[in-house]
Amino acid sequence: MLTAKETRKSFLDFFASKEHKIVPSAPMVVKNDPTLMFTNAGMNQFKDIFLGNSPRVYPRVADSQKCLRVSGKHNDLEEVGHDTYHHTMFEMLGNWSFGDYFKKEAIAWAWEYLVDVVKLDPDRLYVTVFEGSKEDNLERDEEAAEIWAQFLPEKRIINGSKKDNFWEMGDTGPCGPCSEIHIDLRADDERAKVDALTLINNDHPQVIEIWNNVFMQFNRKADGSLEQLPAKHVDTGMGFERLCMALQGKQSNYDTDVFQPIIREIGKICGYEYGKNEQTDIAMRVIADHIRTIAFSITDGQLPSNAKAGYVIRRILRRAVRYGYTFLGQRQAFMYKLIPALIDSMGEAYPELIAQQTLVEKVIKEEEDSFLRTLETGIRLLDKVMNETKQVNKTEISGKEAFTLYDTFGFPLDLTELILRENGLTVNLKEFDEEMQKQKERARNAASVETGDWVTVREGETEFIGYDWLEADVEILRYRKVKQKNQEFFQIVLNKTPFYAEMGGQMGDTGFLTNGEEKIEIIDTKKENNLSIHLAKKMPADPTATFRATVNLEKRQQTANNHTATHLLHEALREVLGTHVEQKGSFVSPDALRFDFSHFQKLTDEELREVEKLANKKVRQNFSLEENRNMPIKEAQAMGAMALFGEKYGETVRVIKYGSSVELCGGTHVQATGQIGLIRIVSESSIAAGVRRIEAVTAEKAEELTYIQQDILKEAKNFFHNTPNLLQAIKKTIDENAETKKQVEDFVQEKIVQVKNALVERATTNLHGIKVVVLKGNFPADFVKSVAFQVRNQLKEKMLFVGGTEENNKPILTVALSDDLVAGGLNATGMIREAAKEIQGGGGGQPFFATAGGKNPAGLEKAVEIVVNLV
Ligand code: ATP
Ligand code: MG
C-alpha cells in the first residue's frame, strides 16, 4: 500500500518521466494579486502565463500545490468536517502544458498514471465530458470523448453540463471544457445494487471526483463572447488526500495517514475516541482539517487578524475552537498542542512548519485564548437576552439580537441556537437571514469592481526600466476602464516603464505621462498577474502618441531612503536581539517605514537605542549599493541572504547588498547609505503573539522629529524661566505640589471637624425626640459628605442630617440617617426623591445616606424643610 509520502512522489516521478519540470508549491497566501486572497488551485501560480503577461519558462510543469478553498469562487468551508472529502486546505497534484501537448496526451497520461502506475481498479473509474452549450454556441467535446473511448467503455463516459464541465478563470479570460475523473469506492455488494452512474456528482461520499483535466482553448471577452486562444493549454488538478483514500482502501480522507496522527492526538487531548459518535467525529474532523490551514497560513506569513485574508484565517480558527468548545467540552486553549502531531505527519514535506513551530504555537494559543473570552462574553449577553425574552413570556428571540451576537461578538448562529434550545427557546431565522443579507449587500457594494475589456493600442511586451531610469519616452500598449465605488479609473500598460509597481511592501510610484501640453497624472502603479498597471483618472486624447513618463522624484527618493533603512534595521535587529529575528512583514512609503519581525518580548529602551545606533552607524559608513539583478538563488543564500517563507522566488533572484546587509529584494534603493541621513525609530509594539513591529522615519522626516522634540523641550524650559537644569526644576515643582496638596488636605480635615462640632452643638430635637442637624452654605459635595458621616459617627441614635448646600451655584441636597432610624423604616433615598423636586433635580443612594443635585438653588430652603418634616 502506498503511503501519502510515496503517493506524492509517484505522481511527480511519473510526470518527470514525461519530461515535465517539477516545481515547488507556490505560497498558499497570495500576496501580489488583488483579485485573489488564497491559492485555490494549482493553476493560480501560472495565471500570468495563461494570460500572456509572462513568457513560459518550461513548456511542461508538474507539482503538488497547497490550496485553500474558503472564500470567493471556491468556498467549501461549510462542508468541511461534515463530509469526509472536502478540506479547507488540501494538496492539489497537477500537470500543465503551456501551448505544448493537449487533450490526447493529457488524457492518456492521466489514465496511465491511475491504472498502470498506482493500480486503481479501472472498472471503478468514470469520466465526464462537456456536453456543449447553446448560449455559447459550443458543441459537445467529441475530441475528449473519443480519446477516453480508447480506455473505457462508452457508458462510463458521461455528459456534463456547463456548470460542471466548462472551466473559466473569471468573468473574462481563458476558459475551456474539462473532463473529470470520478471513482466509485463502495463495496461490491452495494455497487451491484445501485449503479454508480446515478451517484456521480450527487454528493455521495464514496463516489467522488478525484481529478479534473481542463483544456484551455478559448478566451471569454467582457461582452460574454468567446474567441479561440492562439496557444492551447492543459491544466489539471487532482485531490491528493482523495487519491490517498482510494489507494489506501479507506472510506474517508480522514482515515488515511495524512490525518490519522492528528485525529489520534485530538482524541488523546479531549478524551474522545474517533468513530464512536457522529457529532464528536465531525468536531474532530473540523479541528484536524483547520489546524493544518491555520498552521500553514501562519508559516506563509499570514497571521490571523481583523481584516482581509487575516480575518478569513481568524474565522477558520474560531470555527475549530467552537466545535471543540461545543462538542468536545474544551474550555481551554488546546489546538496549539496539535502542532507536534502535524509536524510529525507533514514536517518533512514542508520544513517551514518545523522552522516556525514556536511562533505558530504561540499565535494559535493567543488566538484561542482571546476567542474563548469572546465566547464567554457572548454567552453572558445571550443569558441577558434569554431572561428578557422569558420575562415577557415569549419563546423566540429576535433575529437581530442573534445577528449582533454573530457579527459583533463572533458568536456563531448554530451555537446561539444550541444554547437557546437547551433553554426551550428559538430564534427568528428569517430576521437573522435578512440582517445577513443586508450586510452582504453592504460588503458587495463596497467591493464591487467592474472591469472593461483591454483596448489594444499596439502589440508588444512591457519592460520595467525603473531601476535605472526615472524618466523615459514610452508608448501605451493597452488600457481599460475600471469602475470601483462609483469612481472611474483607467489602467494603462506601457511598453516600458520607469514606474515601480507596488510590491514587497513598497508603495507604487506616482508621476506623469506628458505629451506636449497634455499632462496625465499617474496616481498609483500596481501589479496584477505580474503586469505593471498604471492608474490614471483620465486617458490622454491620443493614446497612440509617444509620452514622456516622469516618476515623482522626491517621493521615489524618500521611499528609497525608507526601504534601504528597513534593510539596515533588519540587520541591526538580528545583531542586537539574535538570529531568531525574521521578517514577518514590511511596509515602505515615502513618509515612513514599518517592519514586523518575530521576537518574543517587548524590546527594552536600551535595545531599541542600540538598534537605532547600529543602523545609523551603517548610514554613516556610507556603504555603496551592490546590486545583482540575476543571481542564482543558491548563490544568494550562500552570501547570507535569507529567503522568506511564504514568498515566491524564481530560480534567479535580485540581491541588494550594503556592507554586510544582504537581502533578496525587488525594491528601489539608495545609491549609498549616507543618503538616508538619519534613521529614528518612533514606535515599538506587538501585533500578534511573537511578532513585534517597529515604525521609523528617515532623512527630512527624522530631522523634523528632532525639531519637534527640541521645541517641546524649549517650551518646557520657558515655563521654568529657562532654568539650566530642567529636570531638577520639574522634580522640585512636583514635590512642592505634593506637599501643598497634603497641607490643604490636613486643613480640610480640621475644618470638617470644626463644622461637625458646631452643627452637633446647634442640633435641635423634634417632637419624636429625633436630633435634627442642618448644614447650609457653600461647600464642595465631598466636604458635605464627610461632615454628614462624622455627624453620624458621633450621634449614633435618633439622628437626621440634612444638607442644603451649594457648590458653584449648583444646589446639593444631602440626607443621612442614624442606623436605628433606618431599621425603624426610614429611607434616605426615598426622602431625597420627595424633596429633590424642589431643586429641580434627582438623585439617590442608600437607605442611610443619599444625595441629589439640581438646577434651582432657590428651592433649597423648601427642600430642607420637606425633609425635616418627613420624620
Ligand atoms: P468537488 O465537486 O468535489 O468540490 P471541484 O469540482 O470543486 O470538486 P476542482 O475545482 O476541479 O474540484 O479541483 C480539482 C480536484 O481537487 C478535484 O477533483 C478534487 O479531487 C480536489 N478537490 C477540490 N476541492 C477540494 C477540497 N475542498 N478538498 C479536497 N480536495 C478537493
Ligand atoms: Mg468544489
Side-chain angles (χ1 to χ4, degrees), residues 4 7-8 11 25 28 36 38-44 46-47 62-96 106-107 110 113-114 118 120 124-130 144 158 160-170 175-185 199-216 234-247 250 252-256 258-259 285-286 288-290 292-293 296 312 316 319:
T7 304
R8 195 187 288 116
F11 179 87
S25 172
M28 189 168 76
L36 200 63
F38 303 104
T39 296
N40 61 24
M43 58 76 58
N44 293 161
F46 307 113
K47 236 169 110 182
D63 70 7
S64 168
Q65 171 68 50
K66 296 176 273 184
C67 294
L68 187 56
R69 293 196 164 181
V70 291
S71 59
K73 178 178 160 192
H74 290 291
N75 189 345
D76 293 335
L77 185 60
E78 291 311 314
E79 266 73 57
V80 173
H82 291 263
D83 76 17
T84 48
Y85 58 103
H86 279 97
H87 303 295
T88 52
M89 179 196 142
F90 63 99
E91 289 178 73
M92 199 187 274
L93 303 170
N95 56 292
W96 286 271
I107 290 173
Y113 176 69
L114 293 178
V118 293
L120 286 178
R124 288 175 178 267
L125 297 179
Y126 297 77
V127 302
T128 61
V129 297
F130 176 51
I158 311 156
S161 65
K162 179 171 166 184
K163 184 179 137 279
D164 285 326
N165 284 72
F166 195 83
W167 180 90
E168 312 219 18
M169 188 184 281
C175 54
C178 59
S179 257
E180 303 159 346
I181 304 172
H182 294 252
I183 189 162
D184 180 2
L185 296 170
L199 301 176
I200 282 169
N201 273 332
N202 260 331
D203 297 333
H204 190 289
Q206 270 95 49
V207 184
I208 55 167
E209 175 189 332
I210 53 169
W211 199 347
N212 196 358
N213 281 246
V214 178
F215 309 116
M216 273 181 229
V234 173
D235 154 31
T236 88
M238 171 152 60
F240 170 66
E241 296 79 3
R242 293 186 191 179
L243 178 65
C244 289
M245 154 164 72
L247 294 179
K250 304 288 187 200
S252 152
N253 286 4
Y254 295 91
D255 292 340
T256 64
V258 181
F259 284 98
R285 290 199 290 264
V286 164
D289 174 275
H290 291 9
R292 301 196 328 155
T293 301
F296 274 93
V312 175
I316 293 173
R319 187 171 186 260

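Atom set for the values below is all heavy atoms of this structure, side chains included, hydrogens, waters and symmetry mates excluded. Fair warning: this is a prediction, and the values are worked out from it, not measured in the lab. Whatever order the structure lists them in is the order used to number ligands and atoms, beginning at 1.
Applying the salt bridge (charged side-chain N to carboxylate O under 4.0 Å, His left out) definition to pairs two or more places apart or across chains, none involves residues 200-213.
One N or O on the side chain of Ser25 and one on the backbone of Lys66 form a donor-acceptor pair closer than 3.5 Å. Panel note: side chain Asn75, backbone Val70; a donor-acceptor pair is recorded below 3.5 Å. Judged by distance alone, with hydrogens and angles left aside, the side-chain atoms of Ser179 form a donor-acceptor pair with the main-chain N or O of Thr128 at under 3.5 Å. Put simply, the side chain of Glu241 gets close to the backbone of Glu91: a donor and an acceptor are under 3.5 Å apart.
Ranking protein heavy atoms by distance to atom 14 (C) of ligand 1, first place goes to Gly237 O, 3.4 Å. Asn212 ND2, 2.9 Å is the protein heavy atom nearest to atom 11 (O) of ligand 1. Atom 1 (P) of ligand 1 has its closest protein heavy atom at His86 NE2, 3.5 Å. The protein heavy atom nearest to atom 27 (N) of ligand 1 is Asp76 OD2, 2.6 Å. Atom 19 (C) of ligand 1 has its closest protein heavy atom at Arg242 NH1, 3.4 Å. Scanning the protein heavy atoms around atom 6 (O) of ligand 1, the nearest turns out to be Glu209 OE1, 3.2 Å. Shortest contact from atom 28 (N) of ligand 1 to any protein heavy atom: His87 N, 2.8 Å.
In summary, the atoms of ligand 1 found under 4.0 Å from a heavy atom of Tyr85, numbered by their order in the structure, are 28 (N), 29 (C). In the vicinity of Met92, heavy-atom distances shorter than 4.0 Å reach the ligand 1 atoms 13 (O), 14 (C), 16 (O).
The N/O atoms of Gly239, backbone and side chain alike, include one that comes under 3.5 Å of an N/O atom in ligand 1.
Taking the ring centroids of Tyr254 and His87, they lie under the 6.0 Å cut-off.
For the pair Arg8 and Phe240, the cation sits on the ring face: its NZ or CZ lies under 6.0 Å from the ring centre, inside 45° of the axis.
If you check each of Arg69, His74, Met43 against atom 9 (P) of ligand 1, the one with the closest non-hydrogen atom is Arg69. Looking at Trp211, Phe90, Phe240 and measuring to atom 25 (C) of ligand 1, the nearest heavy atom belongs to Phe90.
In summary, the side chains of Thr88 and Asp289 do present a donor paired with an acceptor at a separation below 3.5 Å, with no hydrogens or angles considered.
Ring orientation note: the planes of Trp96 and Phe46 are tilted relative to one another, at an angle of 30° to 60°.
Proximity of Glu241 to ligand 1 is not established, as no heavy-atom distance is less than 4.0 Å.
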